[in-house]
Amino acid sequence: MNPVTFEITHIDKNSGARTGILHTPHGDVETPMFMPVGTQATVKFISPEELYDMGAGVVLANTYHLWLRPGEEIVEKAGGIQKFMNYKGPMLTDSGGFQVFSLAKTRKLTEEGVEFRNILNGDKMFLSPEKSIHIQNAIGADIIMSLDECIPFPASRDYAEQSMLRTLRWAERGKQANLHPETQGVFGIVQGGDNEDLRHYCAEKLVEMDFPGYAIGGTSVGEDKETMKRMVGWSQEMLPFNKPRYLMGVGAVNDLLEAVSMNIDMCDCVLPTRIARHGTLMTSEGRINIRKAQYKEDFTPLDPECDCYTCRNYTRAYLNHLCRCDEGFGTRLFSIHNVRFLIKLMEDARQAIKEDRYNEFKEEKLHNMKFDERGF
RNA sequence: GGAGACGUAGCAAAGUGGCUAAAUGCGGCAGACUGUAAAUCUGCUCCCUAUGGGUUCGGUGGUUCGAAACCACCCGUCUCCA
């Protein structure tokens with residue numbers, strides 16, 4: 001029995017966008033959804049209980065970081081990641097594939113795997129596709145990711161091809177290595193850079209391996225919106241309609257709205273939490289930087305349309321003050337807001353899909369948030 | 001009353017003859033951030049008609065080719081002793 005399954009609950013008659021339910025050992029969650037990222041077993045400044053209560057659904061953690069500290073065996077002894085951090089809902093761990101990209105200066109790639117430097121003490125650390133899965137087995141998330149290489153943009157076609165073929169071989173190795181196939185589902189990751197045939201080929205081969213879900217990787221690494229849209233489009237064309245599709249690393253509002261149009265079911269991103277720490281807040285009228293002088297005497301709620309704790313209780317003037325004072329409570333309030341904002345955006349998107357008005361919903365949001373015509 | 005120290009841009013603080021419109025930090029202004037080595041990073045922050053010009057380092061006067069820097073006096077601040 002597959003631990004992670006998916007059922008489609010509605011297809012928008014006009015846009016073709018879909019809603020669904022992702023079934024996991026830690027509960028069911030509705031899609032399309034946004035998944036907050038808690039790299040070090042914490043979504044920075046937000047408690048796991050708060051995340052659950054704000055409807056976070058799936059929360060991410062990271063293989064590389066937990067491997068280095070505290071070590072996956074500690075998480076395992078704690079009874080798994082959910083018990084370790086006291087999160088009740090489903091979780092997903094990224095494989096370390098993004099660190100192949102983000103820590104590129106200090107790692108070496110071979111067919112066998114990735115030699116990383118421990119960013120904490122400089123030690124050499126070797127991560128193979130099997131090792132990544134075994135670490136994730138110990139961490140114990142519901143959904144675990146196959147080790148891939150997230151390549152930069154731009155990349156040569158030749159490099160994208162070699163890398164993608166290796167990612168495919170790693171996917172096969174990782175899938176075979178899963179020690180907990182009854183409780184943890186492995187997702188394969190489509191790579192191939194900005195190349196239609198490579199994206200198609202990669203997706204087809206992954207589908208032959210038969211994963212419970214498929215991710216699209218290698219996006220939001222500096223490419224323009226049109227390129228991202230192309231890469232996502234090519235990647236998902238070959239994926240089975242009834243399996244969940246996870247677009248990795250996407251979290252800008254316009255990107256999410258476009259992704260939903262393209263039948264993406266899951267997205268994750270550090271963007272809402274990172275920019276929150278820097279004072280940038282997502283609102284129904286677009287992004288604002290709460291530190292700006294114009295909010296000093298603005299005694300209105302941050303976003304009157306938002307139902308989050310921050311918007312229900314505090315004014316822009318107060319948030320402006322906390323930001324200028326660099327107070328941790330402000331950072332908390334900003335993080336809570338941005339995460340809830342994206343979760344609610346997806347809740348609203350689901351409602352619109354169920355009422356067959358997703359196209360109108362999307363256009364209205366893009367217009368209100370002042371995104372230009374190019375959108376995605 | 002006596003002795004000493006000091007006054008530099010919004011604030012703090014370097015600089016003691018030319019490389020100084022003046023380090024650095026804070027504050028202020030603007031921007032970036034997309035599977036987190038990020039509570040981070042990048043610009044700008046004396047004035048202007050601006051790849052140039054103008055006026056600055058408590059005040060005034062002086063020394064010098066040249067002064068924030070050296071000298072004199074004045075104003076002010078602080079510390080210690082009475």
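Note that these values count all heavy atoms, side chains included, but never hydrogens, waters or copies made by symmetry. Chain naming here is simple, since letters A, B, ... match the order of the sequence lines and numbering starts at 1 in each.
Among the heavy atoms of the strands lying under 4.0 Å from A/Cys150 is at least one base atom, whether or not backbone atoms are also near. Within the 4.0 angstrom heavy-atom criterion, no nucleotide atom of any strand lies near A/Glu327. Across all strands, A/Ala293 comes closer than 4.0 Å only to sugar-phosphate atoms, never to a base (heavy-atom distances). Residue contacts for A/Asp148: at a heavy-atom cut-off of 4.0 Å it reaches a base atom on one of the strands shown.
One can place CZ of A/Arg277 at 15 Å from C1' of B/A32, the figure rounded to the nearest angstrom.
B/C57 and B/C11 are spaced 16 Å apart, taking the C1' atom of each and rounding to whole Å. Look at the P atom in both B/C6 and B/A38: the space between them is 46 Å, to the nearest Å.
Residue-to-nucleotide proximity on RNA chain B shows that, of A/Gln294 and A/Ser220, the 5′-proximal contact is made by A/Gln294. Position along RNA chain B of the nearest nucleotide to A/Gly38 versus A/Arg291 favours A/Arg291 as the more 5'-ward residue.
Side chain of A/Arg107 to main chain of A/Glu115: no donor-acceptor pair is present (N/O by atom type, distance under 3.5 Å, no hydrogens or angles). Of the possible donor and acceptor atoms, none in the side chain of A/Ser146 sits under 3.5 Å from a partner among the backbone N and O of A/Gly188.
We find that A/Lys77 and A/Glu73 are not joined by a salt bridge, their nearest charged nitrogen and carboxylate oxygen being 4.0 Å or further apart. In this structure, A/Arg169 does not pair ionically with A/Glu172, as no charged nitrogen and carboxylate oxygen lie closer than 4.0 Å. Taking 4.0 Å as the cut-off between side-chain N and carboxylate O, A/Asp298 and A/Lys292 do not count as a salt-bridged pair.
A/Gln99 has a side-chain polar atom (N or O) that falls below the 4.0 Å cut-off from OP1 or OP2 of B/A37. Considering only side-chain N and O atoms, A/Arg324 lies under 4.0 angstrom from the phosphate OP1 or OP2 of B/G28. Between A/Arg274 and the phosphate of B/U34, there is a side-chain N or O to OP1/OP2 separation shorter than 4.0 Å. The phosphate of B/U34 has neither OP1 nor OP2 within less than 4.0 Å of any side-chain N or O from A/Thr219. Put simply, A/Arg332 has no side-chain N or O that comes within less than 4.0 Å of OP1 or OP2 on B/A39. In terms of phosphate contacts, A/Thr39 brings a side-chain nitrogen or oxygen within less than 4.0 Å of OP1 or OP2 of B/U36. Within the structure, a side-chain polar atom (N or O) of A/Lys292 is placed less than 4.0 Å from OP1 or OP2 of B/G31.
Across every strand in view, B/U77 sits in a pair with B/A5 that passes the Watson-Crick or G-U test at under 3.5 angstrom. Judged by Watson-Crick or G-U wobble contacts below 3.5 Å, the nucleotide B/U42 has B/A30 as its partner. With a cut-off of 3.5 Å on both Watson-Crick or G-U wobble distances, the partner of B/G61 is given as B/C71.
By the stacking rule of 5.5 Å between ring centres and under 30° between planes, A/His278 stacks on the base of B/U40.
Considering only side-chain atoms of A/Thr280, the nucleotide from B/A39, B/G35, B/C33 that sits closest is B/C33.
No hydrogens or angles were tested; on distance alone, nothing pairs the side chain of A/Asp268 with the base of B/G35 as donor and acceptor under 3.5 Å.
Atom CD of A/Glu355 sits in a crowded spot, with more than 12 heavy atoms from other residues, nucleotides or ligands closer than 6.0 Å.
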